[in-house]
Amino acid sequence: MLRRALVVAGLALIVCTPGRSSAEDSIQTVRQASLYADVKARSIGDIVTVAIVERASGSNTSRLTTRKNTKLNNNAAEGTGILSFFPEFGMSAEMGRDHDGSGQLSREGRLTATMAAVVVEVRPNGDLAIAGEREVGINEEVEILKLTGVIRPEDIGPGNVVYSTDIADARIAYKGEGIVTSGSRPNLLVRILSWIF
């Protein structure tokens, strides 16, 4: 009798215990897998680390040389007959114009940073659209780093890291705001004079 009561109580406990949801099962599966494997972003809401290593440089040199010379010579003989009063005369003129111009432009930019981005879309082909923003404030100076783009799951390396050079349609913006940034910018008068001249 006691044995039967214990069996019934055990069965009632098993039946009445709520089961885990599939979301809890998937989280548990990911946690268990992370002990043995490197977990990588693959679904909306997953986070991926982006190593931004950008370097751009460009130069342009142009040279223009123009030269134009014009010579004019005109001679007339002394008049004869009824026009004998015209003396012999001559005229010559020479004009020249030279222009030699050259210009050179050189620019280099470099950005190195690490930030996290969130998967915002999984495309039909499996590619992941990511977006991230990082804002750091130090002594009234704010630095803002924004990133959007598309990555392939196979480009995500160990540690769930993808390099910015592997991001398609990458939009990386870095700007600063604050006293130091505004102090390093030329004032309005200097900018107007630079634009005019």
Side-chain angles (χ1 to χ4, degrees), residues 23 26-65 99-197:
S26 65
I27 291 171
Q28 187 64 25
T29 303
V30 169
R31 286 185 183 150
Q32 287 174 350
S34 67
L35 295 174
Y36 310 106
D38 192 17
V39 177
K40 296 180 181 179
R42 63 177 183 258
S43 303
I44 294 175
D46 287 353
I47 296 174
V48 63
T49 301
V50 180
I52 300 172
V53 183
E54 294 293 325
R55 182 176 180 187
S57 61
S59 63
N60 187 11
T61 303
S62 65
R63 183 169 184 86
L64 174 66
T65 302
H99 174 75
D100 191 2
S102 63
Q104 183 172 356
L105 172 68
S106 180
R107 169 174 263 173
E108 183 172 341
R110 186 178 301 182
L111 177 61
T112 305
T114 303
M115 69 178 292
V118 177
V119 176
V120 294
E121 177 188 358
V122 178
R123 301 215 169 147
N125 64 352
D127 290 348
L128 309 172
I130 60 171
E133 182 173 341
R134 182 176 180 180
E135 184 175 313
V136 179
I138 302 172
N139 294 334
E140 297 181 26
E141 187 73 19
V142 177
E143 295 179 350
I144 301 168
L145 182 61
K146 293 182 180 181
L147 175 137
T148 60
V150 179
I151 60 174
R152 297 180 305 177
E154 56 265 26
D155 289 334
I156 302 173
N160 198 31
V161 175
V162 64
Y163 288 95
S164 61
T165 52
D166 294 329
I167 300 175
D169 298 331
R171 302 276 187 272
I172 302 170
Y174 176 76
K175 68 176 184 174
E177 298 174 351
I179 297 170
V180 175
T181 303
S182 61
S184 64
R185 191 175 298 145
N187 65 30
L188 182 61
L189 180 61
V190 171
R191 283 186 278 169
I192 290 172
L193 291 175
S194 297
W195 181 72
I196 292 172
F197 299 107

Exercise. Taking the side chain from Asp155 and the backbone from Val162, do they hold a donor-acceptor pair closer than 3.5 Å?
Worked result: no
Exercise. For the side chain of Thr114 and the backbone of Ala51, is there at least one donor-acceptor N/O pair under 3.5 Å apart?
Worked result: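 The answer is no, because no donor-acceptor pair under 3.5 Å joins these two groups.
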So which heavy atom on [X] is nearest to which on [Y], and how close?
X	Y	value
Ser164	Glu54	OG-OE2, 2.7 Å
Ser43	Val119	O-CB, 3.3 Å
Gly126	Pro153	O-CG, 3.3 Å
Val122	Arg42	CG2-O, 3.8 Å
Lys40	Asn160	CA-OD1, 3.4 Å

Validation row: [X], [Y] side chains within 4.5 angstrom (heavy atoms):
X	Y	result
Ile130	Ile167	yes
Arg152	Asp166	no
Leu128	Ile156	yes
Val118	Ile44	no
Thr165	Val53	no

Problem set entry | Note: Arg134-Glu143 ion pair, threshold 4.0 Å (strictly below) |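 Salt bridge between Arg134 and Glu143, a charged N being under 4.0 Å from a carboxylate O: no.
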Exercise. What distance separates Asp127 CG from Glu154 CD, expressed to the nearest 0.5 Å?
Worked result: 7.0 Å
For this session: Quick one: pull up OG1 in Thr49 and CE in Met115 and give me the separation to the nearest 0.5 Å.
Result: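 With rounding to 0.5 Å, OG1 (Thr49) is 10.0 Å from CE (Met115).
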Problem set entry | Flag if over 12 foreign heavy atoms under 6.0 Å of CG, Leu111 |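 It does: Leu111 CG has more than 12 such atoms within range.
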